[in-house]
Amino acid sequence: MAQEQTFSSVHIGQQSGGSIFERIWWNIHDTLVITRRNLTYYTRLPQLLVFSTIQPVMFLLLFTYVFGGAIQTPGGEYINYLLPGILIQTVMFGGTQTTIGLAEDLSKGLIDRFRSLPMGRAAVLAGRTVADSIRNLFVVILMTSVGYIIGFEFQNGLLNALVAVAVLILFGHAMSWIFATIGMLVKDPETAQVAGFIWVFPLIFASSIFVPTTTMPDALRTFAENQPVSVVANVVRDLTLGTSTGDFWLALVWITTIWLVFAPVAVWQYRRAAS
Amino acid sequence: MTDTIVVEDVYKAYGDVNALNGVSLSVREGKIFGLLGPNGAGKTTLVRILTTLLKPDAGRVEVAGIDVLKDSMALRRVIGLAGQYPAVDEQLTGRENLVMVGQLYHFSRSEAKSRAQDLLKRFSLTDAADRPVKTYSGGMRRRLDLAASIVARPKVLFLDEPTTGLDPRTRMEAWEFIRELVRDGATLLLTTQYLEEADALTGFITVIDEGRVIAEGTPDELKSRLGSDVLELRVSRDINLKRVESLLQPIGKDMPQIDLQSGDISIAVNDGTRSLLDAVRILDGEGISIEDIGLRRPTLDDVFLSITGK
Ligand SMILES: Nc1ncnc2c1ncn2[C@@H]1O[C@H](COP(=O)(O)OP(=O)(O)OP(=O)(O)O)[C@@H](O)[C@H]1O
Ligand SMILES: [Mg+2]
């Protein structure tokens, strides 16, 4: 091993701590370092990105061509109704990778390594959820492009289209914190495979993502119309199609509430991880 | 001289498993401290408490003058940890792992890069530096993990079985690097299963078992607890060993131990040199020729086995 001359000079880098602004800055810094780490995974495992985009594209094509003819939806072509819903489904399914990834980090001791470093307490999870959001943005753009090829069109102007994308990304980010919380709770990657998915199905299928809720039985319909996935799907659809079926502010309240509840719970789980 | 690590009456239970039952110890600044004990003794638990990963149920823990429970963030800036199992990111390359850790210690990107380069060289990982860690062998991961633990040149370093899984040459190199670190002023607590390692490296040893301290002292002190040297000798093959045994019994503390396979006879004795001369005189008087004779200090293995009874 090579000699090292500089050991006596204790060097600890720039200190965190200090003023509140410095602390905020270092938390952002740490979050970005972790974000970068998580995005690197997609370059190391390109198949991860391929499969996490092929699957929703397949859903989009199958639903459009298999059900499209049989389903009556407001707003003309089924693809116009479907795409906003499929985007939400994609964001939800993608989140399960956060559950698995964090459970893996925990079981491999990486979370221990991070917890022994002088880094912000929320940074590991925030870095993960920010990386998720960046991936979501990429997938949303890709799927919208595919949608355009098979007949989708924004009907409500560019500005509303951008707001729709923003709502989607914010919703996905809030959801990521739920996925993160589950990952920190189940701790083991195999359980995470199942636990990450299982609660997502009812939310996705008992919703207005694929079909209008009007024909569902009463009890199911009450659930389907009021659960957050439908609330957000309706708002995204309103923004892209110019309809008015949803409540924009209610969607924001849901997103904020999910975030305010699960971000602290996930960080709390992180801090007491394995203890 | 101040104490860099102070542990006072620490308790920790996992459910109904009492991992630590009132452990107290202290480590002088600039020393290597060995924490020994059989599997499940509580070594890893104590290391995790000292490195802010685990909260004790009771007790006081201080490292580098910082109360571990009150100011864990300040403590994390001055300690390094290499846990029992390497904690490195499999998908990242070795270099990316070290740069990331450097950045999380708030090095600038260029500082983090040059530090990573130094460490990769120091741990003979330069050739593999830009391969994902998932392609590394067990020993390479271990080395990378050790490198990650000293990125910020910690004042106090915790190594939980640092050389498990290293080949003999790499282990020697790791020892050399551990000595170097301490020469430069770091304090080090290491746990190990290798008594030879504790003997070679540490100035002071605490042995724990079932969450309690059962012995402590310098390696020599621990060994002299056996109170004696060991006299070892071999006689020519045709001599009846039973006869030798009874002839030598008066000079030993206990019965001589005979290894029936090799014919080696070992006797724990109080005064090494005199016993050696006595043995030669007695056997010579009986006309028994000695092929080999010598004194050795008891090894830590002798000590370990006698105090843990395992
Ligand atoms: N997370 C946990 N949950 C329950 N019991 C645990 C947990 N971690 C450790 N233990 C128990 O606590 C005791 C001490 O474990 P610890 O890992 O500290 O031992 P150790 O001395 O490091 O052993 P080894 O030499 O095998 O690494 C053991 O009985 C172990 O089974
Ligand atoms: Mg252990």
Side-chain angles (χ1 to χ4, degrees), chain A residues 1-18 22-23 25-27 29-46 48 101 104-121 123-124 127 270-275, chain B residues 48 51-55 72-93 96-97 99-108 111-112 115 118-119 121-124 132 134 145 148-150 152-155 158 173-174 176-177 180-181 183-186:
Chain A
M1 286 175 206
Q3 286 287 320
E4 179 154 7
Q5 322 83 355
T6 44
F7 246 103
S8 46
S9 67
V10 171
H11 171 113
I12 335 176
Q14 278 145 297
Q15 295 288 339
S16 45
E22 274 175 75
R23 282 221 293 278
W25 157 247
W26 284 122
N27 270 295
H29 169 274
D30 295 345
T31 301
L32 293 180
V33 171
I34 300 293
T35 303
R36 187 192 165 94
R37 166 208 173 215
N38 287 317
L39 290 177
T40 308
Y41 273 50
Y42 289 106
T43 65
R44 287 302 128 71
L45 298 170
L48 193 63
E104 246 160 29
D105 287 353
L106 256 177
S107 67
K108 290 197 175 138
L110 263 176
I111 300 282
D112 276 357
R113 158 79 66 216
F114 289 135
R115 284 175 72 232
S116 77
L117 297 177
M119 58 188 290
R121 290 160 223 253
V124 169
Y270 171 83
R271 292 178 59 180
R272 62 185 291 278
S275 61
Chain B
R48 290 174 59 82
T51 51
T52 77
L53 297 181
L54 201 62
K55 280 199 166 42
S72 49
M73 212 36 115
L75 180 64
R76 290 179 190 139
R77 290 192 196 107
V78 297
I79 59 170
L81 165 68
Q84 187 165 358
Y85 307 99
V88 284
D89 194 319
E90 304 255 305
Q91 306 297 341
L92 301 187
T93 65
E96 285 167 341
N97 265 286
V99 171
M100 176 176 74
V101 170
Q103 287 185 299
L104 292 173
Y105 276 111
H106 298 168
F107 288 22
S108 73
E111 273 178 301
R115 181 72 178 139
D118 289 350
L119 288 169
K121 202 160 131 209
R122 186 189 174 105
F123 284 89
S124 322
K134 63 184 169 195
D145 195 53
S149 73
I150 59 165
R153 301 184 176 89
K155 279 198 236 169
F158 297 88
E173 283 175 355
E176 195 38 52
F177 128 80
E180 228 173 85
L181 268 180
R183 208 176 301 135
D184 292 328

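Residue numbering restarts at 1 for every chain, and letters A, B, ... go by the order of the sequence lines. Because the structure is predicted, anything quoted here is derived from the model rather than measured.
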Closest contact, heavy atoms only, B:A87 versus A:G109: CB-O, 3.3 Å
Return yes when atom CZ of A:R36 has more than 12 non-hydrogen atoms of other residues, nucleotides or ligands closer than 6.0 Å, and no otherwise. no
Is it the side chain or the backbone of A:S116 that comes within 4.5 Å of chain B heavy atoms, both, or neither? both
When B:V88, B:I79, B:T52 are compared by non-hydrogen pairs under 4.5 Å with chain A, the top option: B:V88
Geometric class of the A:W26/B:H106 ring pair [parallel <30°, tilted 30-60°, perpendicular >60°]: parallel
Name the region of B:D145, side chain, backbone, both or neither, that has any atom closer than 4.5 Å to a heavy atom of chain A. both
Within the supplied structure, the quantity of interest is the number of heavy atoms (other residues, nucleotides, ligands) at a distance under 6.0 Å from B:Y85 OH; does it exceed 12? no
To the nearest 0.5 Å, atom CE of B:M100 lies from atom CG of A:D30 at 11.5 Å
Beyond-backbone contact of B:E90 with A:L110, side-chain heavy atoms, under 4.5 angstrom: no
Measure the spacing between CG of A:L45 and CD of B:Q91 and express it to the nearest 0.5 Å. 4.0 Å
Hey, is A:R113 close enough to B:D89 for a salt bridge, meaning N to O under 4.0 Å? no
Which bit of B:A186 comes within less than 4.5 Å of chain A, counting heavy atoms only: side chain, backbone, both or neither? neither
To the nearest 0.5 Å, how far apart are CD1 in A:I111 and CG in B:L53? 11.0 Å
Shortest non-hydrogen pair, B:L92 vs A:R37, comes out as CD1-CG, 4.0 Å
Under 4.5 Å from a heavy atom of chain A, the part of B:E96 involved: side chain
Inter-residue atom distance B:T51.OG1 - A:R115.CZ, 0.5 Å rounding: 9.0 Å
Could you give the distance from OG (B:S72) to CZ (A:R121), rounded to the nearest 0.5 Å? 5.5 Å
With rounding to the nearest 0.5 Å, note down the distance linking CD in B:Q103 to CE in A:M119. 11.0 Å
